[in-house]
Asker: 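A single structure is presented below for examination.
Labels below follow one simple rule: chain letters A, B, ... track the order of the sequence lines, proteins then strands, and each chain is numbered from 1.
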2 protein chains.
Amino acid sequence: MAKTSQAAGLHRASLPKLHDLDAALELMYYGWRGMTLEADEYLAKQGLSRPHHRILYVVARRPDIAIGALIEILGISKQALNRPLNLLLERKLLTSKRAPEQHRSKLLRLTEAGRRIEQKASDHERKVLREAFDRAGVPGATAWMAVMGAIADNN
Amino acid sequence: MAKTSQAAGLHRASLPKLHDLDAALELMYYGWRGMTLEADEYLAKQGLSRPHHRILYVVARRPDIAIGALIEILGISKQALNRPLNLLLERKLLTSKRAPEQHRSKLLRLTEAGRRIEQKASDHERKVLREAFDRAGVPGATAWMAVMGAIADNN
DNA sequence: TTCTTCAAGTCAATATAGTTGACATGAAGC
DNA sequence: GCTTCATGTCAACTATATTGACTTGAAGAA
């Protein structure tokens, strides 16, 4: 029996709601999935996954970042960083060189191939956001940003 | 050396932006984190984690759901469901009984203890959303829902 | 020059969350 | 009685993370 038509990922479940905010709660879940779905598929085709993308994303925006700083931003241990980072170096999507004056740390940079993959993966995510923002108009997009900011900064 | 003050989770990185929508992209990432952070901490104290919570969440809204239907909604294999589900049964947060007329399937229900944990965990997530919505007002919340719906339904 | 510090790299063991494949059980329907 | 179907379970594997312990190699200071 073929699975009832689900091109990719899971359909939104539409469970009965027990609370006022259940719909919003589920939207956050499916929104996250919706944004990352195509990017993850693209990355999988390249033999990469989300952790690799996160590394590429950060290095693209902080060229010559040291490994310690990268660990801090990603919020993972250096052992957890080790495998994906080495894969990216082996595949020549990243380069590392010693700092000229601060020879203890290694500075990371994207190669052209790395930049291309980072851009394509991030483009998939931005495309989903752009289409949603286009439908909502500028005021809707602004409101979305404000609400997400408040959620993100929850302390 | 103590980590530079980060009560829980990671601070928002504030990377330089390469694209218009990078800020939105990062907001989605940190928003997801912001919503789930306290719930995850609460669950960890109970010796549970997000997969357990997802099971409890669904069963709370679909009492007497069969295992096959639960698998479909969660989008995981029955082998992946097996461990967390059995833990919840052992801990008596869930009960399972055979259907009276359809004796092949097992029907799942929350116990009182299960309901309590599901509520508290989901309350942590809803609290974050409620505070953000309160700040944004009804129009902002409505706009947020519309944008998230468009992102979630990205096909 | 040795000693210490520090960034980075590596090894081992463990946990969690998932996968596919194979097979058992037990009730339902024909 | 044979088949179907929901469930359960075993094994092997992958990926992503953790903590702890240790090495390497350069920098800075005594």
Side-chain angles (χ1 to χ4, degrees), chain A residues 1-3 9-10 29 32-33 36-37 40-41 43-56 59 64-90 94-109, chain B residues 1 3 8-10 29 32-33 36-37 40-41 43-56 59 64-90 94-109:
Chain A
M1 183 190 67
K3 278 273 170 72
L10 217 52
Y29 183 77
W32 172 252
R33 290 278 261 12
T36 56
L37 196 67
D40 286 352
E41 282 167 6
L43 288 163
K45 262 187 270 178
Q46 315 300 316
L48 301 174
S49 56
R50 211 175 296 166
H52 303 104
H53 184 200
R54 278 193 281 156
I55 295 171
L56 295 174
V59 177
D64 286 335
I65 191 175
I67 288 185
L70 183 55
I71 284 168
E72 275 230 341
I73 290 177
L74 295 177
I76 59 174
S77 62
K78 70 180 162 178
Q79 294 90 332
L81 178 64
N82 194 38
R83 261 168 190 271
L85 181 60
N86 279 331
L87 180 65
L88 295 174
L89 289 167
E90 276 166 32
L94 283 183
T95 57
S96 84
K97 62 164 187 226
R98 293 283 173 189
E101 286 301 302
Q102 181 58 20
H103 214 61
R104 289 209 275 230
S105 39
K106 263 191 183 176
L107 307 184
L108 302 171
R109 269 178 176 277
Chain B
M1 182 190 68
K3 278 273 170 72
L10 216 53
Y29 183 77
W32 173 253
R33 290 278 260 16
T36 55
L37 195 68
D40 285 353
E41 282 168 6
L43 288 163
K45 262 187 269 176
Q46 315 300 316
L48 302 174
S49 56
R50 211 175 295 167
H52 303 104
H53 183 200
R54 278 194 282 155
I55 295 171
L56 295 174
V59 177
D64 286 335
I65 190 175
I67 289 186
L70 183 56
I71 284 169
E72 274 230 342
I73 290 176
L74 295 177
I76 59 175
S77 63
K78 71 180 162 177
Q79 294 90 332
L81 178 63
N82 195 38
R83 261 169 192 271
L85 180 61
N86 279 331
L87 179 64
L88 295 174
L89 289 168
E90 277 166 32
L94 283 183
T95 56
S96 83
K97 62 163 187 225
R98 292 285 172 187
E101 286 301 300
Q102 181 59 20
H103 215 62
R104 289 209 276 230
S105 37
K106 263 190 183 177
L107 307 184
L108 301 172
R109 269 179 176 278

Asker: Tell me the interatomic distance from B/I65, atom CD1, to D/dA6, atom C1', rounded to whole angstroms.
Answerer: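 In whole Å, D/dA6 C1' lies 14 Å from B/I65 CD1.
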Asker: Could you measure the distance from the CD1 atom of A/I71 to the CD atom of A/Q79? Nearest 0.5 Å is fine.
Answerer: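 Between atom CD1 of A/I71 and atom CD of A/Q79 there are 8.0 Å.
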Asker: Once rounded to the nearest 0.5 Å, what's the spacing between atom NZ of B/K106 and atom NZ of B/K97?
Answerer: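 Going from the NZ atom of B/K106 to the NZ atom of B/K97 covers 13.0 Å.
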Asker: Name the one of A/H53, A/R50, A/R33, A/K45 that satisfies side-chain hydrogen bond (donor to acceptor under 3.5 Å, both in side chains) with A/D40?
Answerer: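 Per the side-chain hydrogen bond (donor to acceptor under 3.5 Å, both in side chains) rule, the option paired with A/D40 is A/R50, out of A/H53, A/R50, A/R33, A/K45.
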Asker: How many Å lie between NZ on A/K97 and P on D/dG25, as a whole number?
Answerer: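 Those two atoms, NZ and P, are 22 Å apart.
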Asker: Can you classify the ring geometry of A/W32 versus B/W32 as parallel (below 30°), tilted (30 to 60°) or perpendicular (above 60°)?
Answerer: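 Aromatic pair A/W32/B/W32 classed parallel.
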Asker: Taking atom C1' of C/dT16 as reference, at what distance in whole Å does atom CG of B/L87 sit?
Answerer: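 In whole Å, C/dT16 C1' and B/L87 CG are 13 Å from each other.
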Asker: Between B/L89 (CG) and D/dT7 (P), how many Å, whole number?
Answerer: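 One finds 13 Å between P of D/dT7 and CG of B/L89, rounded.
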Asker: In whole angstroms, how far is the P atom of C/dA15 from the CG atom of B/L43?
Answerer: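 Those two atoms, CG and P, are 20 Å apart.
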Asker: Check the distance between D/dA6's C1' and B/R98's CZ and give it to me in whole angstrom.
Answerer: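 About 8 Å, once rounded to whole Å.
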Asker: Check nucleotides 4-6 of chain C against the protein and report each pair of N or O atoms closer than 3.5 Å, with its distance, or say if there are none.
Answerer:
residue, atom, partner, partner atom, Å
C/dT5, O2, A/R104, NH1, 3.3

Asker: Could you tell me how far apart B/I71 (CD1) and D/dT7 (P) are, to the nearest whole angstrom?
Answerer: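 From B/I71 CD1 to D/dT7 P: 7 Å.
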Asker: Among B/T95, B/L85, B/I55, B/L88, which residue meets the side chain to side chain contact (heavy atoms under 4.5 Å, CB included) test with B/L108?
Answerer: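 Filter result, single survivor: B/L85.
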Asker: A/L70 has an atom CG; how far is it from atom P of C/dG9, in whole Å?
Answerer: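 Taking CG of A/L70 and P of C/dG9, I get 11 Å after rounding.
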Asker: Can you check each nucleotide of nucleotides 15-23 of chain D against protein heavy atoms at under 4.0 Å and return B for base, S for sugar-phosphate only, - for none, in 5' to 3' order?
Answerer: -SSBBBB--
Asker: In Å, rounded to the nearest 0.5 Å, how long is the span from CG of A/D64 to CG of A/L107?
Answerer: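 So the gap between those two atoms works out to 5.0 Å.
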